[in-house]
Q: 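This is the structure I have questions about; it appears just below.
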Amino acid sequence: MKFFKFNIFLILALLSFNLKAQQVASKLGVFQDTLIKISANTVAAQSDAQKTEFNSRFVKTLVEALKMPNSFSFPFDSLKNVSVIKSPDQAFRILSWYVQLENGSYRYYGAIQMNTKSGPLKLFPLIDQTENLNDPNIITNNQKWFGARYYEIIPVTSGNQLPYYVLLGWKGNTQATTKKVIEILSFDKETLTLGAPVFDGKELKGKNRLIFEYAKSNAMTLKTDMKAGMIIFDHLASFDPEIKGRFEYYGSDGTFDGFKIIGGKLKLQEELVLNNDPNANDELYADPKKNVKPIRKF
């Protein structure tokens with residue numbers, strides 16, 4: 001009889017838990033619908049002032065949604081303008097997006113939500129300070145963020161050291177060029193750090209993050225390659241040997257380089273020979289997707 005009563009109690013507890021979970025998911029779905037409408041208004045706004053106003057509403061609404069219990073499990077996958085990616089170890093997720101301004105430049109927004117299970121919200125807002133960073137190589141924190149829309153997280157562990165995370169991001173820049181970023185994220189108790197000297201290779205000493213810049217009419221691959229077991233990227237070069245440092249003339253020269261994780265460092269591997277299968281996501285972060293013109297060395 002006691003066993004029977006225990007089973008009844010367990011069933012009722014599970015039903016109650018499932019009901020609460022469904023109620024939370026339903027409320028988060030309502031939040032998501034509201035966020036979709038605000039996002040559409042932001043994109044359609046005719047002035048920077050209107051875009052900023054709508055985006056402020058978006059941020060406030062998103063934070064309210066994330067305060068809901070177990071919000072970490074809600075995917076927000078209908079927010080097409082927002083990249084939502086979880087770390088493979090499920091420790092945190094990053095939500096990041098941008099607002100394109102009237103002059104063709106971009107402003108980035110984001111937050112890192114820690115996985116607190118059913119505990120209170122722990123959120124690190126990401127404050128884009130791109131324009132105020134005189135040295136884009138400096139080590140910063142979430143209050144001084146080199147903004148980007150992230151699309152991949154790669155954890156790196158070595159021995160007893162705290163893990164760090166490699167973030168791959170797209171960074172629309174100006175009407176002439178686009179950027180991509182390899183950012184380094186680490187946590188220490190209640191703080192986080194962006195940037196670290198983990199790159200190992202020619203001309204990489206002292207680099208805390210890598211920034212690639214190239215012509216807006218071109219595309220650049222930057223992703224993990226499971227077959228190669230490394231982070232691979234297009235080698236960028238000017239189409240004219242006489243024009244160096246003017247990145248509106250830069251694009252892929254048809255070769256690939258990469259980083260292999262060795263001893264907790266990102267070891268540069270040059271002139272890779274890759275035989276990759278086509279991937280539907282390869283064009284995802286080209287800006288624009290059409291009119292892509294590969295550049296070759298002369």
Q: Where is the tightest heavy-atom contact between Gln175 and Gly104, given as atom of each residue plus distance?
A: CG-CA, 3.8 Å
Q: Does Leu62 reach the side chain of Leu35, with side-chain heavy atoms less than 4.5 Å apart?
A: yes
Q: Taking atom NZ of Lys122 as the centre, does the number of heavy atoms from other residues, nucleotides or ligands within less than 6.0 Å exceed 12?
A: yes
Q: Hey, does Leu194 have a side-chain heavy atom less than 4.5 Å from the side chain of Phe146?
A: no
Q: Counting neighbours of NZ on Lys207 that are heavy atoms of other residues, nucleotides or ligands and sit closer than 6.0 Å, is the number greater than 12?
A: no
Q: May I ask you to decide if Tyr109's main-chain N or O and Arg149's side chain share a donor-acceptor pair within less than 3.5 Å?
A: no
Q: Does Phe76 have its ring centroid less than 6.0 Å away from the ring centroid of Phe74?
A: yes
Q: Tyr151 and Ile211: same hydrophobic cluster, using ILVMFWY side-chain contacts below 4.5 Å?
A: no
Q: Quick check: do Leu168 and Ile154 have side-chain heavy atoms less than 4.5 Å from each other?
A: yes
Q: Could you give all pairs that pass the salt bridge (charged side-chain N to carboxylate O under 4.0 Å, His left out) test and reach residues 65-83, with sequence neighbours left out?
A: Glu64-Lys67
Q: Measure the CZ-NE2 distance between Phe212 and His235 for me, rounded to the nearest 0.5 Å.
A: 10.5 Å
Q: Please say whether more than 12 non-hydrogen atoms of neighbouring residues, nucleotides or ligands are located less than 6.0 Å from CD in Gln90.
A: yes
Q: Aromatic ring centroids of Trp170 and Tyr150 under 6.0 Å?
A: no
Q: So does Thr191 get a backbone contact from the side chain of Asp188, meaning a donor-acceptor N/O pair under 3.5 Å?
A: no
Q: Check the pair Gln100 / Ser105 against side chain to side chain contact (heavy atoms under 4.5 Å, CB included), numbers first and verdict last.
A: CA-CA 6 Å; Gln100 187 169 11; Ser105 65; over 6 Å; no
Q: I'd like to know if the side chain of Asp234 and the backbone of Thr221 have a donor-acceptor N/O pair within less than 3.5 Å.
A: yes
Q: Going by heavy atoms in the side chains, are Phe247 and Leu236 under 4.5 Å from each other?
A: no
Q: Has Asn142 got a side-chain atom pairing as donor or acceptor with Leu126's backbone, closer than 3.5 angstrom?
A: no
Q: So, for Phe259 and Phe233, is the gap between ring centers shorter than 6.0 Å?
A: yes
Q: Does some side-chain heavy atom of Met230 sit less than 4.5 Å from a side-chain heavy atom of Ile232?
A: yes
Q: If you round to the nearest 0.5 Å, how far is OG of Ser39 from CD1 of Ile36?
A: 8.5 Å
Q: Please check if any side-chain donor atom of Asn173 sits under 3.5 Å from a side-chain acceptor atom of Thr178, or the reverse.
A: no
Q: Hey, does Val82 have a side-chain heavy atom less than 4.5 Å from the side chain of Phe58?
A: yes
Q: Could you check whether Glu53 and Thr42, counting side-chain N and O atoms only, form a donor-acceptor pair closer than 3.5 Å?
A: no
Q: Could you walk me through whether Phe124 and Met114 pass side chain to side chain contact (heavy atoms under 4.5 Å, CB included), step by step?
A: CA-CA 8 Å; Phe124 292 96; Met114 306 306 294; 3.8 Å; yes
Q: Would you say that more than 12 heavy atoms from the other residues, nucleotides or ligands in this model lie under 6.0 Å from the CZ of Arg107, or not?
A: no
Q: One pair to check against ring pair (Phe, Tyr, Trp, His ring centres under 6.0 Å): Phe92 and Phe187. What are the steps and the verdict?
A: CA-CA 11 Å; Phe92 65 93; Phe187 298 93; 5.2 Å; yes
Q: For the side chain of Asn137 and the backbone of Gly206, is there at least one donor-acceptor N/O pair under 3.5 Å apart?
A: yes
Q: Check the pair Ile182, Leu167 against side chain to side chain contact (heavy atoms under 4.5 Å, CB included), reporting the backbone distance first and the verdict last.
A: CA-CA 6 Å; Ile182 301 180; Leu167 311 180; over 6 Å; no
Q: Is a side-chain N or O of Arg209 found less than 3.5 angstrom from the main chain of Pro136, in a donor-acceptor match?
A: yes
Q: Are Leu192 and Ile112 packed together at the side-chain level, in the sense that at least one heavy-atom pair is separated by less than 4.5 angstrom?
A: yes
Q: Phe72 vs Lys86, test: side chain to side chain contact (heavy atoms under 4.5 Å, CB included). Steps then yes/no.
A: CA-CA 9 Å; Phe72 188 85; Lys86 285 184 180 179; 3.6 Å; yes
Q: Does one hydrophobic cluster hold both Trp97 and Leu101, with members joined at side-chain heavy-atom distances below 4.5 Å?
A: yes
Q: Okay, side chain of Gln32, backbone of Ser78: is any donor-acceptor separation there less than 3.5 Å?
A: yes
Q: Return yes if a side-chain donor-acceptor contact under 3.5 Å exists between Tyr165 and Asp89, otherwise no.
A: yes
Q: Has the side chain of Ser238 got a donor or acceptor atom that lies under 3.5 Å from a matching backbone atom of Ile243?
A: yes
Q: Of all heavy-atom pairs between Ala45 and Phe54, which one has the smallest distance, and what is that distance?
A: CB-CD1, 4.2 Å
Q: Should Lys267 and Asp200 count as an ion pair when the cut-off is N to O under 4.0 Å?
A: yes
Q: Can you tell me how far apart CZ (Phe256) and CD (Glu271) are? Round to the nearest 0.5 Å.
A: 13.0 Å
Q: Please name the pair of heavy atoms, one in Lys244 and one in Tyr250, separated by the smallest distance, quoted to 0.1 Å.
A: CA-OH, 3.5 Å
Q: Measure the acute angle between the ring planes of Tyr106 and Tyr108, then classify it against the limits of 30° and 60° as parallel, tilted or perpendicular.
A: parallel
Q: When rounded to the nearest 0.5 angstrom, what distance separates CG in Asp135 from CG in Asn208?
A: 8.5 Å
Q: So, Asn141 side chain and Lys144 main chain: donor-acceptor pair closer than 3.5 Å or not?
A: yes
Q: Taking the side chain from Asp253 and the backbone from Ala237, do they hold a donor-acceptor pair closer than 3.5 Å?
A: no
Q: Is there a side-chain contact between Ile184 and Ser186, using heavy atoms and a 4.5 Å cut-off?
A: no
Q: Whether Lys180 and Glu213 form a salt bridge (side-chain N of Lys/Arg under 4.0 Å from carboxylate O of Asp/Glu) is what I want to check.
A: no
Q: Quick check for you: to the nearest 0.5 Å, what is the distance between Asn81 atom CG and Ser96 atom OG?
A: 11.5 Å
Q: Quick check for you: to the nearest 0.5 Å, what is the distance between Leu121 atom CG and Ser71 atom OG?
A: 6.0 Å
Q: Does any donor atom in the side chain of Lys171 or Thr130 lie under 3.5 Å from an acceptor atom in the other side chain?
A: yes
Q: When you look at Lys51 and Glu102, which way does the salt bridge (Lys or Arg N to Asp or Glu O under 4.0 Å) test go after all the steps?
A: CA-CA 10 Å; Lys51 289 177 184 287; Glu102 293 175 87; over 6 Å; no
